[in-house]
Amino acid sequence: MGFYRKFSSSVDARQVFGEMTKRSLYQWNTLLKSLSRDKLWEDVLCHFSQMFRDEEKPDNFTLPVALKACAELREVKYGEMIHGFVQKDATFGSDLYVGSSLIDMYAKCGKMAEALRVFDELEKPDIVTWSSMVSGFEKNGFPSDALEFFRRMAMAPDVTPDRVTLITLVSACTKLSNSRTGRCVHGFVMRRGFEKDLSLLNSLLNCYAKSRAFKEAVNLFKMMAERDVISWSTVIACYVQNGAATVALRVFNEMMDNGTEPNVATILCVLQACAAAHDLEQGCKTHELAIRKGVETQVKVSTALVDMYMKCFSPEEAYAVFSRIPKKDVVCWVALISGFTSNGMAERSIEEFSKMMLENNTRPDAILMVKVLGSCSELGFLEQAECFHSYVIKFGFDSNQFIGASLVELYSRCGSLSHASKVFNEISLKDTVVWTSLITGYGIHGKGAKALETFDHMVKSSEVKPNEVTFLSILSACSHSGLIHDGLRIFELMVSDYRLVPNPEHYAVLVDLLGRVGELDTAIEITRRMPISPTPQILGTLLGACRIHQNGEMAETVAKKLFELESNHAGYYMLMSNMYGVKGEWENVEKLRNSVKNRGIKKGLAESLIEIRRKVHRFVADDNLHPEKEKIYRLLKQLGLHMKEDLEKSVYFESEGVSLCDSVYAEA
DNA sequence: TTAGGGTTAG
């Protein structure tokens, strides 16, 4: 047996090797293999160099191991040296093991031209060398070249793709979001007898999920004979990404009943589902699961928990998790800061941001800055906006388009359209988001004509195209300024010229536009004729319009439908109750309020509370409306309790910012 | 007696 034996670790191998006085080539190879098995790449190269010094000539077994180490360490210079050695010796020229290792080394070091040169010199490449090329293109960000190379391979004689090739290919399709090719590969997989290959099917599942082939993903999952934790997690994430968070949670429970043990990745996507479904109960259960598995303080898990608690309207629980994170990164700060803002606590966001800057061990990035500017814009203090603007310039973020757009939005929300348009004009490369921000700014200040002018300018003088959000902004601007004909024209433009499919929000704005000017019949007609079924948001808007124009009969019809769809949104009940109130139908008011109480509607109340807070903030932020904003703002700090105690009254005044603020002011 | 390519949930 001699030196050869299966070492349980490279430590044993090295020890035995060290004690030897004379080493054969085979013994060198065994040692190198053993080191590579333990991923001790530096040691591999170190011993490989030693081998040269001992004048032992490496053979076709040694070279792949050394090249693998170069690939893993991205040591292209060393790899090139080995390549030089290979070229001097004709015996290596036709060796496919050496060839594929060279290709892989160059590919991993990002040198695809060199990899291709090696490949082209091979007389008869086999499946592994072909696959190495496909994988190289895929890894270096050229997925379409990977597909092209695969096509070349399919034409070559004597090579048949195996499971590794197919997995690489599916990965390329995923990167291209190309579910069509994914489907072809799927067909091939089934025909060639790979239909039971779990990793391959999981890759396909992921490809469908990522390339918006929702139905295909679900169908594939349903017909899989075997599923592992990856299959389940992929499909759960797929449901979440397609807006079906409740289904995602159901699938998760099915997975647990099935006896599949969840892991960190599962926990992460389930937390996302809880956040999207605002399901605090399931969220807490998942939190317990994370604790039991000992992964709660992993920064990704904690971040997902912070996000979940924030989206479930529990900012203090979120903060508790956040404060336990041992190594905070910029992403978890983003979750905290944006979470406070969306809970109507923008001031807290700014405080936390200051803390982060003081701690001085996390560098803000562009995303964080966008969030902070967003928090600032919720508060609406011009001086603070200017301060953050100078910060943005100081740290060199001002060339970022997203930040540019946020600044435009910030200044317009602070009531300074002149600052907003100044920032806008200074942005050299204006993308759709930047244009949209300015249009939105004009819209929220009731400057519909300016918004239309900007929109026209965007369409005529720039190369960027308006998208769904731009249309939502411009439609909303028209609605707020009562520009009904322009609004209808724009809606038509969106559908016929830009071929954009209106989403429920667009229909809601359209209904709002018509509702505001009393065109209730037309609004109803539109909800009947639109290709989607009416959402609570659309019906809610319609109900709001009925209230403005005091059309009780229509309101009751709409409300009936609305309550069927959304039975626990307190705001809609309050809207209806308000209508009855105005007409003095107190019996109906009482009936509705009781039904709210009996249903134990809480989440809806929390949502309304946040909405109200936002509205008050915005109202207070507006310079023109209130010169004493600082004073009121201090009072608003104590708002939480006041609002909760007097919630119904607050909701009652929801759309009249002035009355609401006055009532808060008076109370305090 | 020893050697080469791969992926997937977040």
Side-chain angles (χ1 to χ4, degrees), chain A residues 1-6 13 24-34 36-37 58-68 71 92 95-105 107-108 115 118-119 122 125-139 146 153 159 161-175 197-210 217 221 227-241 248 251-252 255 260 262-273 295 298-301 303-304 307 331:
Chain A
M1 205 67 172
F3 178 69
Y4 177 72
R5 62 180 165 110
K6 283 247 179 231
S24 69
L25 176 60
Y26 164 67
Q27 286 159 347
W28 276 107
N29 286 348
T30 311
L31 174 74
L32 291 179
K33 179 66 197 166
S34 172
S36 99
R37 219 173 29 219
D59 67 356
N60 55 331
F61 289 98
T62 329
L63 294 171
V65 181
L67 285 166
K68 172 92 177 157
F92 295 129
D95 191 295
L96 288 172
Y97 287 87
V98 175
S100 62
S101 305
L102 275 170
I103 290 172
D104 188 49
M105 182 276 295
K108 292 231 166 74
V118 176
F119 180 85
L122 291 171
D126 67 352
I127 183 63
V128 178
T129 31
W130 276 103
S131 306
S132 306
M133 285 303 296
V134 175
S135 150
F137 282 121
E138 190 264 334
K139 286 252 171 45
M153 186 192 107
V159 270
D162 63 7
R163 55 187 301 274
V164 177
T165 329
L166 292 172
I167 286 173
T168 314
L169 190 66
V170 175
S171 176
C173 295
T174 310
K175 288 216 173 108
D197 192 309
L198 188 55
S199 332
L200 192 43
L201 293 186
N202 280 346
S203 300
L204 274 168
L205 188 60
N206 178 53
C207 176
Y208 285 142
K210 291 268 170 65
F221 179 77
R227 297 157 181 167
D228 63 1
V229 62
I230 294 178
S231 335
W232 285 100
S233 311
T234 309
V235 86
I236 291 170
C238 181
Y239 276 118
V240 182
Q241 279 145 20
V251 176
F252 171 63
M255 168 184 154
T260 308
N263 63 16
V264 175
T266 326
I267 290 176
L268 289 173
C269 58
V270 172
L271 285 173
Q272 257 189 26
V295 296
Q298 279 185 24
V299 67
K300 277 191 178 177
V301 177
T303 304
D307 188 55
V331 186

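Small disclaimer: the values here were computed from a predicted structure and weren't measured. Throughout, protein chains are lettered first and strands after them, A, B, ... in sequence-line order, and every chain is numbered starting at 1.
In this structure, of dT8(B), dG10(B), dA3(B), it is dG10(B) that holds the atom nearest to the side chain of Cys269(A). Of all nucleotides listed (dG4(B), dG6(B), dT2(B)), dT2(B) comes nearest to the side chain of Asn29(A). The Ser101(A) side chain lies nearest to dG4(B) when the options are dA9(B), dG10(B), dG4(B). With dG5(B), dA9(B), dA3(B) as the choices, the nucleotide that has an atom nearest any side-chain atom of Val128(A) turns out to be dG5(B). Distance from the side chain of Ser135(A) is smallest to dG6(B) among dG6(B), dG4(B), dT8(B).
Counting only distance, with no hydrogens or angles, the side chain of Thr168(A) and the backbone of Val164(A) share a donor-acceptor pair below 3.5 Å. Side chain of Gln298(A) to backbone of Val295(A): no donor-acceptor contact under 3.5 angstrom is found. Side-chain N or O atoms of Arg163(A) include none that pairs as donor or acceptor with a backbone N or O of Leu200(A) at under 3.5 Å. Without hydrogens or angle criteria, Ser171(A) side chain to Ile167(A) main chain gives no donor-acceptor distance under 3.5 Å. Formation of a donor-acceptor pair under 3.5 Å by the Asn206(A) side chain with backbone atoms of Ala209(A) is not found in this model.
Taking atom CD1 of Ile103(A) as the reference point, atom C1' of dA3(B) lies 15 Å away to the nearest angstrom. For the pair Ile167(A) CD1 and dG5(B) C1', the computed distance is 11 Å after rounding to whole Å. If you take OH of Tyr239(A) and P of dA9(B), they are 18 Å apart, rounded to a whole angstrom. Rounded to whole angstrom, the span from the CZ atom of Arg163(A) across to the P atom of dT8(B) amounts to 13 Å. The separation between Leu63(A) atom CG and dT2(B) atom C1' is 13 Å, rounded to whole Å. Straight-line distance from the CZ atom of Arg37(A) to the P atom of dG4(B): 11 Å, rounded to whole Å. Put simply, CD1 on Ile236(A) is 14 Å from P on dA9(B), counting in whole angstrom units. Atom pair Asp228(A):CG and dT7(B):P shows a separation of 16 Å (rounding to whole Å applied).
Here Ser199(A) lies in heavy-atom contact (under 4.0 Å) with a base. Counting any heavy atom pair closer than 4.0 Å across all strands shown, Thr165(A) reaches a base atom. Within 4.0 Å (heavy atoms only), Thr129(A) reaches at least one base atom of the nucleic acid. Residue contacts for Leu32(A): at a heavy-atom cut-off of 4.0 Å it reaches no nucleic acid atom on any strand shown. Contact annotation for Asp104(A): backbone-only contact, meaning every heavy-atom pair under 4.0 Å involves sugar-phosphate atoms and none involves a base.
At a cut-off of 3.5 angstrom, the base of dT8(B) holds no donor-acceptor pair with the side chain of Asn206(A). Between the side chain of Thr266(A) and the base of dG10(B), no donor-acceptor pair under 3.5 Å is found. Judged by distance alone with a 3.5 Å cut-off, a donor-acceptor contact links the side chain of Asp126(A) to the base of dG4(B). Scanning atom types as modelled, one donor and one acceptor separated by under 3.5 angstrom connect the side chain of Ser131(A) and the base of dG5(B). Remark: the Ser132(A) side chain and the dG5(B) base include no donor-acceptor N/O pair separated by less than 3.5 Å. One donor-acceptor pair, N or O on each side, does fall under 3.5 Å between the base of dA9(B) and the side chain of Asn263(A).
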Report task. Let me see the working for Ser34(A) and Thr30(A) under side chain to side chain contact (heavy atoms under 4.5 Å, CB included), right down to the final yes or no. Result -> CA-CA 6 Å; Ser34(A) 172; Thr30(A) 311; 5.6 Å; no

Query raised in the report: Please walk me through it: do Ser100(A) and Thr129(A) pass side-chain hydrogen bond (donor to acceptor under 3.5 Å, both in side chains)?
Result: CA-CA 5 Å; Ser100(A) 62; Thr129(A) 31; over 6 Å; no

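Distances shown here put a side-chain N or O of Lys139(A) below 4.0 Å from the OP1 or OP2 atom of dG6(B). Using a 4.0 Å cut-off, some side-chain N or O of Lys108(A) falls inside it from OP1 or OP2 of dG6(B). Residue Gln241(A) has a polar side-chain atom (N or O) positioned under 4.0 Å from OP1 or OP2 of dG10(B). A sub-4.0 Å separation between OP1 or OP2 of dG4(B) and a side-chain N or O of Lys33(A) is present. Neither OP1 nor OP2 of dA3(B) sits under 4.0 Å from any side-chain N or O of Lys68(A).
For the pair Tyr97(A) and dG4(B), the ring geometry does not qualify as stacking, because the centroid separation below 5.5 Å and plane angle under 30° are not jointly satisfied.
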